[in-house]
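FYI, the numbering just counts along the sequence from 1. First listed ligand is number 1; within each ligand, the first listed atom is number 1.
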Amino acid sequence: MKFADIVINRPIEGPFTYSIPESLEGTIKTGSVVEVSFGNKMVTGYVVGLSDKCDIERIKPISGIIDKNLNLEPEMLELTKWISKYYYSSWGEAISAAIPGVLKKSSKTRKSAREEKEIEFIDGSSERLTLNPDQKDALDSITRSMDEKIHRVFLLHGVTGSGKTEVYLQAIAHVLELGLSSIILVPEISLTPQTVARFKARFKEKIAVLHSRLLGSRRISEWNRISSGEAQIIIGARSAVFAPVKKLGLIVVDEEYETSYKQEDVPRYNARDVAIKRAEISKAVVILGSATPSLESFYAAKNGKYTLVELSERIDSRLLPTVDIVDMREEMTRAKKVPIFSQKLREWIEKDIREKKQVILFLNRRGFSTFVNCRKCGYVIKCKRCSVSLTYHFDKKKLVCHHCNFNMEPPQICPECNAAYLKYWGLGTEKVESELYRLFPGAVIARMDTDATQKRGTHDRVLSKFKDGNIDILIGTQMIAKGLDFPKVTLVGVISADTALNLPDYRSAERTFNLLTQVAGRAGRSDLGGRVIIQSYTPQHYSIQAAKTHDYNTFYDKEINLRKELNLPPFCHMVSLTLRGRKEERVFNASDNLRAAIEKEDKSKNIEILGPAPSPISKMKGMYRWNIFLRSESAENITPILKKVLDKNKSSGIIVTVDVDPN
Ligand code: ADP
Ligand code: ZN
């Protein structure tokens, strides 16, 4: 073979043909990662095909091979090709997302990096447990598919503590016996130390953990351990779906509804859906596990596209925690102000810390006050580059933009009318923390959010201190909603259930229900029992009521009917287009033109077009933003049309991003 078809990590499709120099003949294969000159730059390229003929006259040679041992398997090429089609990127961009950055640099420029020590949780039994009847049924039906080598997607539905993880562990053990490998995806690896610990306890050195913190040489050696088959069980976040296992038997996606499975950069893939595609290509089994499956997945399971397996009870029939909902409107009337804690929550915190139990408080907003305004003229202090109010951070004594990180000293007087009546409103985790110090002076209090854990290692340190019982009250954002299992936590307080509910997003009810259920799952993980107190100004909302009774099915029935009525996913697929630019009028005009062009191109009228409308945050980092939403029965109706239209309609100064199945 004399010529190679090569794609690169740029938004241009290709492939581009290069000649193979004599010195590399026989070394370059389909799947090789090479260096080529493109334009007048050296870039990394991926060989997607070989040929011995070429009609192009002046052809450039391949400059070099990055690593002889790095070769993309045909299955990986097929998978990335699919990603590029479905999620609207170039093939080169999709391949690039599948390989860690360090492997794409030539070995000469690779730096050897110092490895970071982390605190290890060792947890859980190394022996397999005797399954209860529900677990056994679930496992049987899963292993049957494995033995028959049939690709199938299982939705494992069961409340926290119903034994899902034990089913994963035994399914993985079965896959090992068949001589195959497993990939386990978790939402965020650093937030699930205890889950990882259970896998390590069971499978020891067969495990590879893909951390985002793995640096340079360690990442390469883990990659090699996986591709050589030495590590047969791979745990990691989103990008672990691309782990280079050769004989794939199983992919587990834990908490499959999590938004962190979605990549926010090109290619904007959802790792859950990529996992399903990869398993389909490799004839492997997928287990999607959750207490609160996404509407999409549960709908697919109900319609027979996936296989539903349910764990109906908690292990040892332990009761789910009691959930109380406090109507904050009444509290407000009684207290004659906007209280942070209801009387009920305050009393329970007091009682629990007196009895040396532990409390988790949850609020999904960081900072101290979420906005500052002038009581005289109403002026709200906003970020100059983004159309959002600035959050006051007490720790730093600064007003901070949560989108672009712009910060400034808080002014003493109103920048608009010079009145000295600036008032700080809204509630963040810092304010809850300071109020806790005031109300419970003897208690040991810790806060966990992205501000408090910025310093490396802080996160693990706070968790292990909490685990050892050296913290009474832990306050945090969604960082503490996931996976933590601390038996002495008997009380979980949700400071405001309404934060997620008020977002302008058709998924807000689903998000609220999921979050409340998940947070509630942190309480009552031992015989000490548990109680959850949810504070809300809209206590009658069905997502909050369903969380009170831990009732997924009722929530699902209500929500799926609404989605059907409004023709929202899972009844359609959405594609969101965002147009950005520095001149508002240009952005608007370009959006209008784009809409018209799509309408014209869509001859069979399969696509419904909504907008253009300003984005919920209409200006970010100095760029005005408008959205167009497209919906259709399948995303494949939309992307080919977009391809035609966007290639033809380029406006200068306007950036268009395409997001298929957006979060
Ligand atoms: P989930 O993943 O659904 O939250 P887990 O698998 O973590 O549930 O199980 C909850 C707890 O019950 C864990 O401490 C686990 O070790 C234990 N457990 C799970 N299955 C069994 C079983 N069959 N027998 C005894 N204990 C079990
Ligand atoms: Zn900003």
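The shortest heavy-atom distance from L169 to ligand 1 is not under 4.0 Å.
Neighbours of the Zn ion (ligand 2) restricted to protein N, O or S atoms under 2.8 Å: the count is 4.
Taking distance alone, with nitrogen or oxygen atoms compared against 3.5 Å, T160 stays at or beyond that limit from ligand 1. Where the criterion is an N or O separation shorter than 3.5 Å, residue side chain and backbone included, G161 meets it with respect to ligand 1. Between G163 and ligand 1, a contact under 3.5 Å exists for at least one N or O pair.
For K136 and D140, the salt-bridge test passes: some basic side-chain N is under 4.0 Å from an acidic carboxylate O. Classification of K396 and D451 as a salt-bridged pair holds, one side-chain N sitting under 4.0 Å from a carboxylate O. Taking a cutoff of 4.0 Å between a charged side-chain nitrogen and a carboxylate oxygen, R238 and E258 do not qualify as a salt bridge.
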Decide yes or no on side chain to side chain donor-acceptor pair (under 3.5 Å) for T477 and D449, but give the supporting numbers first.
CA-CA 6 Å; T477 55; D449 53 30; 5.7 Å; no
From CA spacing to verdict: side-chain contact (heavy atoms from CB on, under 4.5 Å), R522, F362:
CA-CA 11 Å; R522 304 305 118 227; F362 176 82; over 6 Å; no
When you look at E310 and D134, which way does the side-chain contact (heavy atoms from CB on, under 4.5 Å) test go after all the steps?
CA-CA 7 Å; E310 301 205 75; D134 267 0; over 6 Å; no
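Of the protein's non-hydrogen atoms, the one nearest atom 2 (O) of ligand 1 is T165 OG1, 2.6 Å. Closest to atom 18 (N) of ligand 1 among all protein heavy atoms lies L129 CD1, 3.6 Å. Looking only at protein heavy atoms, the nearest one to atom 14 (O) of ligand 1 is D485 OD2, 4.9 Å. Nearest to atom 11 (C) of ligand 1 among the protein's heavy atoms is I315 CG1, 4.6 Å. What sits closest to atom 15 (C) of ligand 1 on the protein, heavy atoms only, is R198 NH2, 3.8 Å.
Ligand 1 places these atoms under 4.0 Å from at least one heavy atom of T130: 22 (C), 23 (N), 24 (N). Ligand-side atoms of ligand 1 in range of Q135: 19 (C), 20 (N), 22 (C), 23 (N), range being under 4.0 angstrom from any heavy atom. The contact set between ligand 1 and K164, taken as ligand atoms under 4.0 Å from a residue heavy atom, comprises 1 (P), 2 (O), 3 (O), 6 (O), 8 (O). Within ligand 1, counting atoms from 1 as listed, the ones closer than 4.0 Å to a heavy atom of V159 are 3 (O).
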Indicate every side-chain donor-acceptor pair of residues 385-395 with a distance under 3.5 Å to a residue at least two apart or in another chain.
| from | atom 1 | to | atom 2 | distance (Å) |
| --- | --- | --- | --- | --- |
| S387 | OG | S618 | N | 3.1 |
| S387 | OG | S618 | OG | 3.4 |
| S387 | OG | K619 | N | 3.1 |
| S389 | OG | T370 | O | 3.4 |
| H393 | NE2 | H402 | NE2 | 3.0 |
| D395 | OD2 | R447 | NH2 | 2.5 |

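No donor-acceptor pair closer than 3.5 Å links the side chain of K164 to the backbone N or O of G161. Remark: the backbone N or O of R198 is not paired with any side-chain donor or acceptor of R202 at under 3.5 angstrom.
For atom 27 (C) of ligand 1, a protein heavy-atom neighbour is present inside the 4.0 Å cut-off.
Under the 30°/60° scheme for interplanar angles, the aromatic rings of F298 and Y552 are found to stand perpendicular.
Of the options E166, Q170, K136, R314, the smallest heavy-atom separation from atom 6 (O) of ligand 1 is shown by E166.
For an aromatic pair to be called close, the ring centres must be under 6.0 Å apart, and F486 with F466 satisfies this.
Judged by distance alone, the side chains of Y257 and N514 never bring a donor and an acceptor atom under 3.5 Å apart.
Shown here is K356, whose NZ atom has no more than 12 heavy atoms of other residues, nucleotides or ligands within 6.0 Å.
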